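In what follows, a structure is listed as structure tokens, so that the remarks can point back to it.
Any value given below was found using the heavy atoms of this structure, including those in side chains, with hydrogens, waters and symmetry copies removed. In this text the structure is predicted, and so the values were computed from the model without any measurement.
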Amino acid sequence: MNPQINSEEQQLIDLMDSARRVFVFCGAGVSAESGVPTFRGMGGLWEGHRVEDVATPEAFQRDPVTVWRFYAARQAGLMGVLPNPAHQVLAAMERHYPAFLLVSQNVDNLHERAGSHRLVKLHGSLMETRCTAHGTVTTIDAPVPLPTLERGELPRCPEGGLLRPNVVWFGEWLDPDHLARIEQFLQAAEREPPGSLLLLSIGTSGQVSGGYGFLELVTALGGHTVEVNPEPTPFSKVVDLALRSPAGELLERVWPQVVQQRLQCVVAQKEP
Ligand code: OAD
């Protein structure tokens with residue numbers, strides 16, 4: 001065994017080696033090593049902001065300038081950050097496993113920039129706007145300028161419709177197409193050998209995502225469940241394996257071992 005790998009990490013490597021259908025569920029912790037603040041805890045985004053003032057449809061109706069200032073600042077924050085090894089390994093995993101789905105609550109664009117495609121952005125995207133009049137979603141490549149917002153000028157579509165950030169706010173429904181895609185991906189495990197399905201929950205506190213029920217569904221389908229988070233969460237007691245490490249640091253170390261182990265297995269199968 002590699003001396004840099006402890007026994008829990010080896011268990012993760014073995015699970016990743018034997019998995020045939022991999023479902024990764026991410027939260028803000030995945031982007032923490034890129035310097036993007038998480039939501040909860042010290043220095044988190046919700047410190048100094050009341051959720052109901054910046055992340056609800058009512059707040060936007062009441063005071064769209066304040067809401068836009070909050071999101072424009074977060075858009076600007078994305079300009080100076082880069083994907084970290086966690087994003088990169090997740091993109092590499094997608095190329096490795098034929099059945100793979102990455103579901104992220106993160107509204108930053110770091111998964112896409114690392115090369116992930118089989119990606120569901122469950123809470124929307126910071127770099128997209130949605131027209132409140134026409135519903136049109138548009139990708140933007142620069143932050144909404146703060147000085148125009150300071151003057152009280154709000155972003156509008158060419159026909160004058162008010163644009164909002166294309167993110168899911170508290171009190172709003174998740175996109176049913178996203179939920180259908182996730183369910184279809186997970187249910188396919190029923191037609192596969194037991195234990196083929198693996199869920200990795202990475203960098204989420206479970207405060208919001210605990211209600212989504214993905215972990216329970218994977219368990220009911222006979223899959224394995226793993227959490228990666230430096231802090232304990234409500235998921236920690238119910239997963240098969242909980243690793244207390246920063247995601248980038250851990251994935252960067254274990255992923256080459258998974259690839260090596262899988263290659264050795266292929267070679268062993270081919271030898272007469
Ligand atoms: P949270 O801020 O609630 O939780 C972030 C988690 O990441 C915490 O459990 C940290 O311990 C963990 N963490 C920190 N650094 C880490 C690292 N380097 N590697 C791995 N984990 C690390 O963020 P989310 O769970 O994503 O919703 O929050 C879910 C949703 O609630 C967000 O999408 C947002 C928020 O309010 C909306 O805005 C609708």
### Rounded distance (nearest 0.5 Å) linking atom CD of Glu33 with atom CG of Leu251
8.5 Å
#### Entry: ILVMFWY cluster, Leu199 and Leu174 together (side-chain gap under 4.5 Å)
yes
### Task
Anything under 30° is parallel, anything over 60° is perpendicular, the rest tilted; go ahead and classify Phe23 against Phe214.
perpendicular
### Message
Taking Leu78 as the starting point, is it possible to reach Val137 by hopping between hydrophobic residues whose side chains are less than 4.5 Å apart?
### Response
no
### Donor-acceptor side-chain pairing of Gln261 and Asp14 below 3.5 angstrom
yes
### Summary
NZ (Lys121) and CG (Asn109) are apart, to the nearest 0.5 Å, by 6.5 Å
### Query
Is a side-chain donor or acceptor of Asp240 paired with a backbone partner of Thr225 at a separation under 3.5 angstrom?
yes
### Query
Can any side-chain N or O of Gln257 pair as donor or acceptor with the backbone N or O of Val254 at less than 3.5 Å?
no
### Query
Roughly how far, to the nearest 0.5 Å, is OG1 of Thr204 from CG of Asn106?
8.5 Å
### Query
Hey, does the side chain of Arg20 reach the backbone of Ser18 with a donor-acceptor pair shorter than 3.5 angstrom?
yes
N/O donor-acceptor pairs under 3.5 Å from side chains in residues 152-164, not counting sequence neighbours:
unit_1: Glu153; atom_1: OE2; unit_2: Arg151; atom_2: NE; d: 3.1
unit_1: Arg156; atom_1: NH1; unit_2: Gly160; atom_2: O; d: 3.0
unit_1: Arg164; atom_1: NH1; unit_2: Glu172; atom_2: OE2; d: 2.8
unit_1: Arg164; atom_1: NH2; unit_2: Val167; atom_2: O; d: 2.7
unit_1: Arg164; atom_1: NH2; unit_2: Glu172; atom_2: OE1; d: 3.1

### His87 and Ser31 side chains, donor-acceptor separation under 3.5 Å
yes
### Query
Parallel, tilted or perpendicular: which describes the rings of Tyr97 and Trp255, with under 30° parallel and over 60° perpendicular?
tilted
#### Entry: Expected output: side-chain Asn84 to main-chain Ala86 donor-acceptor under 3.5 Å
yes
### Task
Any chance you could measure Asp53, atom CG, to Asp63, atom CG, to the nearest 0.5 Å?
8.5 Å
### Distance-only polar pair, side chains of Asn166 and Ser125, donor-acceptor under 3.5 Å
no
### Query
More than 12 non-hydrogen atoms from neighbouring residues, nucleotides or ligands closer than 6.0 Å to CZ on Arg113, yes or no?
yes
### Task
Treat each ILVMFWY residue as a node, draw an edge where side-chain heavy atoms are under 4.5 Å apart, and state whether Val168 and Trp173 are in one component.
no
